[in-house]
Amino acid sequence: FEKAKAHFETLWNDREFERYDPTNQEHRRTLSRALERESGGDLLPTFTFFELKPKPFQVAMLETLAAERAHGRSRNLIVAATGTGKTVVAAFDYRALCRKGANRPRLLFIAHREEILRQSVDTFRAVLRDQSFGDLLVGGREPESSEHLFATIQSVTSRGLVQCQGANYWHMVIIDECHHLAAD
């Protein structure tokens with residue numbers, strides 16, 4: 001409880017957040033414009049002029065992931081409230097892995113909805129500062145490569161992707177919203 005309370009306080013006191021008064025017409029217009037802008041599917045701009053940095057609570061998550069890997073534990077689960085930036089943490093974690101080697105490690109990012117995949121690939125592109133990073137495998141779309149793939153679980157299963165590439169092909173596998181995936 002104390003940890004959750006401290007996390008809440010960190011978010012509550014973040015300067016990025018603004019107070020909202022539903023009786024204030026300017027606040028209502030600002031919220032309406034923001035919701036309209038965000039409903040377009042892109043949570044981050046397609047190109048950023050500045051380097052993104054994780055928030056302090058995300059840094060703590062990244063440090064915990066690094067410590068787990070240092071102890072040989074590479075299968076990790078991140079559990080955090082909606083909107084706290086788990087995908088951002090995953091992208092920064094991947095970037096840290098990239099910085100350890102000469103090449104970009106192969107990545108498989110799995111989700112159950114196309115919108116999540118599009119937002120996720122945009123997040124990774126912003127963190128890596130590479131607008132060409134990653135390919136989508138969803139519906140009838142054919143990726144150019146399977147090295148950095150963002151795919152629906154349905155596409156992975158229907159194409160037998162793991163059987164074709166082998167279970168050890170990807171260096172990092174991220175499963176977003178894993179409670180939506182079938183047990184198999």
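These numbers were taken from a predicted model, which means no experiment stands behind them.
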- Measure the shortest side-chain to side-chain distance between Leu65 and Arg69 over non-hydrogen atoms and say whether it is less than 4.5 angstrom. yes
- For the side chain of His171 and the backbone of Arg106, is there at least one donor-acceptor N/O pair under 3.5 Å apart? yes
- Message: To the nearest 0.5 Å, what is the distance between CG on Asn76 and OG on Ser74?
- Response: 7.0 Å
- Note on the structure: Output for pair (Lys55 NZ, Thr10 OG1), nearest 0.5 Å, gives 11.0 Å
- Task: Identify the two heavy atoms, one from Gln165 and one from Ser146, that lie closest to each other, and give their separation to 0.1 Å.
- Result: NE2-OG, 3.0 Å
- Message: Please report the interatomic distance CG(Asp93) to CD(Glu63), rounded to the nearest 0.5 Å.
- Response: 12.0 Å
- Report the C-alpha distance between Thr87 and Gln119 in whole Å, list the side-chain angles of each, state the deciding distance to 0.1 Å, and finish with yes or no for side chain to side chain donor-acceptor pair (under 3.5 Å). CA-CA 9 Å; Thr87 303; Gln119 292 170 2; over 6 Å; no
- Message: A side-chain contact here means heavy atoms from C-beta on lying under 4.5 Å apart; do Pro143 and Phe150 qualify?
- Response: no
- Message: What's the separation between atom CD1 in Ile78 and atom CD in Gln58, rounded to the nearest 0.5 Å?
- Response: 9.5 Å
- Item | Non-hydrogen atoms of His27 and Asp21 that approach each other most closely | ND1-N, 3.0 Å
- Is Met172 close to Leu108 at the side-chain level, that is, under 4.5 Å between some pair of heavy atoms? no
- Would you check if Leu107 and Glu147 make a side-chain contact, meaning some heavy-atom pair closer than 4.5 Å? no
- Task: Please examine the side chains of Cys98 and Arg104, heavy atoms only from C-beta on, and report whether any two atoms are closer than 4.5 Å.
- Result: yes
- Note on the structure: When rounded to the nearest 0.5 Å, the distance separating CZ of Phe109 from CG of Asp135 is 15.0 Å
- Within a reach of under 6.0 Å around CG of Asn13, are more than 12 heavy atoms found that belong to other residues, nucleotides or ligands? yes
- Task: Might you work through the side-chain contact (heavy atoms from CB on, under 4.5 Å) test for Glu68 and His71, ending with a clear yes or no?
- Result: CA-CA 5 Å; Glu68 290 299 313; His71 288 98; 5.6 Å; no
- Got a sec: does the CD of Glu144 have more than 12 other heavy atoms crowding it under 6.0 Å? no
- Query: Under a 4.5 Å cut-off applied to non-hydrogen side-chain atoms, are Arg113 and Ile116 in contact?
  - Reply: yes
- Item | Identified side-chain contact (heavy atoms from CB on, under 4.5 Å) counterpart of Ser155 within the set Leu149, Leu137, Ile110 | Leu137
- Backbone N or O of Gly134 within a donor-acceptor pair of the Arg125 side chain at under 3.5 Å? yes
- Query: Considering only heavy atoms from C-beta outward, does the side chain of Phe57 approach that of Val89 to under 4.5 Å?
  - Reply: no
- Message: Looking at every heavy atom in both Met61 and Ala80, which two are closest together, and how far apart are they?
- Response: CE-CB, 3.8 Å
- Message: Determine whether Arg118 and Glu115 satisfy the following criterion, salt bridge (Lys or Arg N to Asp or Glu O under 4.0 Å), listing intermediate values before the conclusion.
- Response: CA-CA 5 Å; Arg118 291 191 182 281; Glu115 306 90 76; over 6 Å; no
- Assign the ring pair Tyr94 / Phe124 to parallel, tilted or perpendicular, where the plane angle (0 to 90°) is split at 30° and 60°. tilted
- Using a strict cut-off of less than 4.0 Å between a Lys/Arg side-chain nitrogen and an Asp/Glu carboxylate oxygen, indicate whether Lys5 and Glu9 qualify as a salt bridge. no
- Does the side chain of Leu161 reach to within under 4.5 Å of the side chain of Trp170, using non-hydrogen atoms? yes
- Task: Give a yes or no on whether a salt bridge exists between Arg159 and Glu142, defined as a side-chain N under 4.0 angstrom from a carboxylate O.
- Result: yes
- Query: Are any side-chain N or O atoms of Thr84 and backbone N or O atoms of Ala81, one a donor and one an acceptor, separated by less than 3.5 Å?
  - Reply: yes
- Exam field: side chain His148 to backbone Pro105, donor-acceptor pair closer than 3.5 Å: yes
- From Leu117 CG over to Asp176 CG, what is the distance, rounded to the nearest 0.5 angstrom? 8.0 Å
